[in-house]
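Proteins come first, then strands; the chains are lettered A, B, ... in the order of their sequence lines, and each starts at number 1. None of the values given here were measured: they were computed from a predicted structure.
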Protein chains: 2
Amino acid sequence: MTLAEKAYLGLRHDIVHGAFAPGSPLRLADLAERYGMGFSPLREALNRLGAERLVTSETLRGFRVAPLSLAEFEDALATRLLIEAEALRLSMIKGGDDWAAGVVAALYALQLQADRKGTGADLWELEARHHAFHLALLAACGSEWMLEIFERLHHATQRYRVPVLLASTGPGTRDIQAEHKALADAALARDEATALPLLRAHYLRSADTIRETLATAPAAPAKRRRA
Amino acid sequence: MTLAEKAYLGLRHDIVHGAFAPGSPLRLADLAERYGMGFSPLREALNRLGAERLVTSETLRGFRVAPLSLAEFEDALATRLLIEAEALRLSMIKGGDDWAAGVVAALYALQLQADRKGTGADLWELEARHHAFHLALLAACGSEWMLEIFERLHHATQRYRVPVLLASTGPGTRDIQAEHKALADAALARDEATALPLLRAHYLRSADTIRETLATAPAAPAKRRRA
DNA sequence: AATCTGTATATTTTCGAAGATTGTTGTTGT
DNA sequence: ACAACAACAATCTTCGAAAATATACAGATT
């Protein structure tokens, strides 16, 4: 693996997991020290991430972590629902035994980790399995483009989901695993009329949590403009 | 404007307009001479284009123009229809006078160029105005993500449309401008039940032309694999 | 004849320094 | 005290060369 690929994966991981504050500048000298490499591979990675909207860049003024905003989240969520609903519909039509088995396996692995709730260190593992479960649902849709858009929107919204994850271990938690089970059952039964609304409701409920969190503790509040 | 941006725009233009054959290697030494710059800005541009799926890259084996395939075209078309139908629906709901005026202006400019058919040099101008018209239809959807996906899918499918453009000046041409007029009228009347099927039909008809062309003269035929 | 091996060439990838631009600080003049 | 201006510092951007790797070719071996 080249350094540029390492830089891409490392930067994406660190941005998506919130290691860099949204809006903060990504100075090349700092990054070169952090990741132990020169400017070239870092700039290549930053350009890729710019194309994916995880970082912003301004000519001769360098790169920044893309800022967070409620509007962008709502936008990304609506687009996600559009893509995922169609991809799930197609998967239910086209998916064979392999697809069904993948869904069952992903759900099982997810629930194993969810039952293990407690240690906060495993939170990212839970997130990874949650994502893997949703990917498994769409895997048979047959559209590379839809799957890629799904991945991109996942990365773009992951930073917003950190509070949801943290809340999911706390008290008064809604039974997310029951939602997953119901969704998987409907999908495996090819019951479009049940599965699609369940998917929609699943995301909208997470969105409510995020809206509350962003409203009380806005991550990217007032932004100064030069006078 | 930095050299890296020039490289990005130049490469994208040349790839999308078919100046490089699909699948052909993009050697840095050649590109450096063609665009008159060093490796660094070129590699940054190629990484951006890689994230947009216009070029492929393999570790330590460099970059290539992304190959063309009927399957990818069908996939991109289906995804386009999904996104554009929803974006048009939203635009019709949210769009105000500015949006309507923009649609009328784009349609008018498009038809001016279409009537001017003859000189093949203006073919790309026709393509640009065609794209501008479809963008104008979606402009009021309020979703940055949908608009960006629209742009990306446009670039990804533009290479396939070259034969359609060439055919559009020939004999036996279907009346594309009438389709545009009808689509614009329905959109401005906020007639969802008419506009969405028109949009769908418009794209599917272009797709038919492309399928025929690809079937008779496959751009990316047999691909050798090493034994 | 076919396959392996070692050498030479071509190409990508990375670094370190030089060039270019922006922002800051300190100075001067009114 | 305030505005204009010049030198300075920080940072991004680009180049050219060096390092690492893959490809092509020729010769040796089975």
field: Length of the OH-C1' vector between Tyr35(B) and dT14(D), whole Å
entry: 18 Å
- prompt: Taking only residues two or more places apart in sequence or in another chain, which ones pass ring-ring contact (aromatic ring centres under 6.0 Å, His included) with Phe39(B)?
  reply: none
Nucleotide dT11(C), atom C1' - distance to CG of Asp30(B) in whole Å: 11 Å
message: For a side chain to side chain donor-acceptor pair (under 3.5 Å) check, start with the C-alpha distance between Arg161(A) and Thr157(A), then their side-chain angles and the critical distance, and finish with the verdict.
response: CA-CA 7 Å; Arg161(A) 269 194 306 282; Thr157(A) 52; 3.0 Å; yes
Short side-chain donor-acceptor distance under 3.5 Å, Glu84(A) and Tyr203(A): yes
- request: Round to the nearest Å and state the distance from Glu5(B) atom CD to dT14(D) atom C1'.
  value: 14 Å
query: Any side-chain N or O of Arg43(A) under 4.0 Å from OP1/OP2 of dT13(D)?
result: yes
- request: List for me each residue that meets ring-ring contact (aromatic ring centres under 6.0 Å, His included) alongside His17(B), sequence neighbours excluded, and say none if there are none.
  value: His13(B), Trp124(B)
Are any protein N/O atoms closer than 3.5 Å to N/O atoms in nucleotides 15-17 of chain D? If there are, list each pair with its distance.
| from | atom 1 | to | atom 2 | distance (Å) |
| --- | --- | --- | --- | --- |
| dC15(D) | OP2 | Gly38(B) | N | 2.8 |
| dC15(D) | N4 | Ser40(B) | OG | 3.2 |

message: The side chain of Glu44(B) is closest to which nucleotide in this list: dT14(C), dT14(D), dT12(C)?
response: dT14(D)
message: Within the 4.5 Å heavy-atom criterion, are Tyr160(B) and Glu72(B) side-chain neighbours or not?
response: yes
field: Main-chain N/O of Lys94(A) paired with Trp99(A) side-chain donor or acceptor, under 3.5 Å
entry: no
- request: Describe the nucleic acid contact of Leu42(B) in one word from base, sugar-phosphate, nothing, applying a heavy-atom distance below 4.0 Å.
  value: nothing
field: Rounded distance (Å) that lies between atom P of dT21(D) and atom CG of Leu28(B)
entry: 17 Å
- prompt: Which base sits across from dC4(C) as a Watson-Crick or G-U pair, both distances under 3.5 Å?
  reply: dG27(D)
Per Thr2(B) side chain, nearest of listed nucleotides dC12(D), dT13(D), dT14(C): dT13(D)
query: To the nearest angstrom, how far is Asn47(B) atom CG from dT13(D) atom P?
result: 15 Å
query: Separation of Arg64(B) atom CZ from dT12(C) atom C1', in whole Å?
result: 14 Å
message: Need to verify one output field. Residue with the more 5' nearest nucleotide on DNA chain D, Thr59(A) or Thr59(B)?
response: Thr59(A)
Integer-rounded Å distance: dA24(D) C1' and Arg61(B) CZ: 14 Å
message: In this structure, how many angstroms lie between the C1' atom of dT14(D) and the CG atom of Leu60(A), rounded?
response: 11 Å
field: Plane angle bin for His130(B) and His180(B) - parallel if under 30°, tilted between 30 and 60°, otherwise perpendicular
entry: tilted
